[in-house]
Participant: 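Quick one: the structure is below, questions incoming.
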Amino acid sequence: MAFPPVYGPDSRTLIVGTWPSPKSREQGFFYGHPQNRFWPLLARLLGAPVPQSVPEKKALILTHGLALWDTIESCTITGASDASIRDVVPTDIAGLARKAPIRRVLCNGATAYRLYEKYSRVPGLEAVKLPSTSPANAAWTMDKLAAAWGNYLGEKAAPDAERL
């Protein structure tokens with residue numbers, strides 16, 4: 001089950017993942033695994049409390065000019081293993097980019113970047129491969145993730161409003 005995109009009229013940066021994990025599908029929203037560092041990382045970089053509910057998560061995304069979606073509309077996958085993804089049907093990121101003023105796509109991990117580049121590349125949009133917030137990416141500590149993602153989100157990016 002794919003989730004619809006979260007976006008608004010001020011969404012300039014789209015963050016994409018690959019496909020919802022089993023825990024995310026259980027909860028009915030993006031990055032639902034309790035050990036995934038996505039929500040704590042965004043909260044840290046955006047100077048906000050860590051959102052707990054789906055409405056709080058949507059508010060965090062929308063109040064900071066962000067959009068959130070996945071690169072895959074449907075696929076065959078074993079558990080949460082990105083390496084097992086096959087039979088990909090991509091999401092319509094170009095269609096989303098026509099509805100919102102998106103200027104940049106931040107890819108949460110190498111697989112999201114590879115899938116975006118293969119199936120959904122939108123001419124004129126900058127695409128950035130960032131380290132995955134997945135607990136499987138244990139080599140990247142929260143501080144290292146914050147340093148990498150902070151170049152595009154949060155205080156380090158704030159002086160230049162176009163960064164968001």
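Residue numbers run from 1 in the order of the sequence given.
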Participant: Look at the side-chain heavy atoms of Ile, Leu, Val, Met, Phe, Trp and Tyr, link any pair under 4.5 Å apart, and say whether Tyr113 and Ile72 land in one connected group.
Facilitator: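 Looking at the clustering, Ile72 is in a separate group from Tyr113.
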Participant: Look up atom CG in Leu41 and atom CG in Leu153, then write down how far apart they are to the nearest 0.5 Å.
Facilitator: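 Answer rounded to 0.5 Å: 7.5 Å.
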Participant: Are any non-hydrogen side-chain atoms of Trp69 and Phe30 less than 4.5 angstrom apart?
Facilitator: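 The answer is yes, as the side chains (C-beta and beyond) meet within the 4.5 Å cut-off.
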Participant: Assess whether atom NZ of Lys118 is packed by more than 12 heavy atoms of other residues, nucleotides or ligands within 6.0 Å.
Facilitator: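 At most 12 heavy atoms, drawn from other residues, nucleotides or ligands, come within 6.0 Å of this atom.
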Participant: Without swapping roles, check the side chain of Trp149 against the backbone of Pro131 for a donor-acceptor pair under 3.5 Å.
Facilitator: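 Pair found, side chain donor or acceptor close to backbone of Pro131.
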Participant: Would the distance check show the side chain of Gln52 and the main-chain N or O of Val50 forming a donor-acceptor pair, the cut-off being under 3.5 Å?
Facilitator: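 Yes; at least one donor-acceptor contact below 3.5 Å.
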Participant: What are the two closest non-hydrogen atoms of Asn151 and Ala147, and how far apart are they?
Facilitator: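 Between these two residues, the closest heavy atoms are ND2-O, 3.5 Å.
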Participant: Does a side-chain heavy-atom distance below 4.5 Å link Val16 with Leu14?
Facilitator: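 Yes - at least one pair of side-chain heavy atoms lies under 4.5 Å apart.
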Participant: Check whether Ile102 and Leu42 end up in the same hydrophobic cluster, where Ile, Leu, Val, Met, Phe, Trp and Tyr are linked by side-chain heavy atoms less than 4.5 Å apart.
Facilitator: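 Both belong to a single hydrophobic cluster.
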Participant: Applying side chain to side chain contact (heavy atoms under 4.5 Å, CB included) to Lys23 and Glu26, what does each step give before you reach the verdict?
Facilitator: CA-CA 5 Å; Lys23 284 287 185 192; Glu26 249 176 57; 3.8 Å; yes
Participant: Measure the CD1-SG distance between Ile15 and Cys107 for me, rounded to the nearest 0.5 Å.
Facilitator: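 That separation rounds to 10.5 Å.
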Participant: Pick one: which of Thr71, Thr91, Asp70 meets side-chain contact (heavy atoms from CB on, under 4.5 Å) with Leu115?
Facilitator: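 When side-chain contact (heavy atoms from CB on, under 4.5 Å) is applied between Leu115 and each of Thr71, Thr91, Asp70, only Thr71 qualifies.
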Participant: Could you go step by step and tell me if Val6 and Phe29 meet the side chain to side chain contact (heavy atoms under 4.5 Å, CB included) rule?
Facilitator: CA-CA 10 Å; Val6 176; Phe29 201 65; 3.8 Å; yes
Participant: With rounding to the nearest 0.5 angstrom, report the CE to OG1 distance, Met142 to Thr133.
Facilitator: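 It comes to 8.5 Å.
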Participant: Do you know the tightest heavy-atom contact between Ser134 and Arg37?
Facilitator: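 Looking at all heavy atoms of both residues, the shortest contact is O-NH2, 3.0 Å.
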Participant: Please verify the inter-ring angle class for Tyr31 with Phe38; under 30° counts as parallel, over 60° as perpendicular, anything in between as tilted.
Facilitator: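 Rings of Tyr31 and Phe38: parallel, under 30°.
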Participant: If I compare all heavy atoms of Ala100 with all of Tyr7, which pair ends up nearest, and what's the gap?
Facilitator: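 Nearest heavy atoms, Ala100 then Tyr7: CB-CD1, 3.9 Å.
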Participant: Would you give the length of the straight line joining atom OH of Tyr152 to atom CG of Leu66, rounded to the nearest 0.5 angstrom?
Facilitator: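 If I round to the nearest 0.5 Å, the distance is 14.5 Å.
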Participant: To the nearest 0.5 Å, tell me how far Trp19 CH2 sits from Arg25 CZ.
Facilitator: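 One gets 6.5 Å once the value is rounded to the nearest 0.5 Å.
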Participant: What closest approach, in Å, do Asn137 and Ser132 show between heavy atoms, and which atom pair accounts for it?
Facilitator: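 In terms of heavy atoms, the two residues are closest at ND2-O, 2.8 Å.
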Participant: Tell me, do Pro101 and Asp10 make a side-chain contact under 4.5 Å, heavy atoms counted?
Facilitator: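 Pro101 does not reach Asp10 side chain to side chain.
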Participant: Using modelled atom types and a 3.5 Å cut-off, is there a donor and acceptor pairing between side-chain atoms of Arg104 and backbone atoms of Thr13?
Facilitator: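 No.
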Participant: Between Val88, Thr111, Asn108, which is the residue that forms a side-chain contact (heavy atoms from CB on, under 4.5 Å) with Thr18?
Facilitator: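 Running side-chain contact (heavy atoms from CB on, under 4.5 Å) over Val88, Thr111, Asn108 with Thr18 returns exactly one hit, Thr111.
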Participant: How many angstroms lie between CD in Glu73 and CD1 in Ile93, if you round to the nearest 0.5 Å?
Facilitator: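 Taking CD in Glu73 and CD1 in Ile93, the distance rounds to 10.5 Å.
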Participant: Looking at every heavy atom in both Thr63 and Leu60, which two are closest together, and how far apart are they?
Facilitator: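 Closest heavy-atom pair between Thr63 and Leu60: OG1-O, 3.6 Å.
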Participant: Taking all heavy atoms of Lys57 and all of Gln27, pick out the closest pair and write down the distance.
Facilitator: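 So the minimum-distance heavy-atom pair works out to NZ-OE1, 4.3 Å.
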Participant: Looking only at atom types and distance, does a side-chain atom of Tyr116 sit under 3.5 Å from a main-chain N or O of Val122, one as donor and one as acceptor?
Facilitator: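 Side chain of Tyr116 to backbone of Val122: a pair is present.
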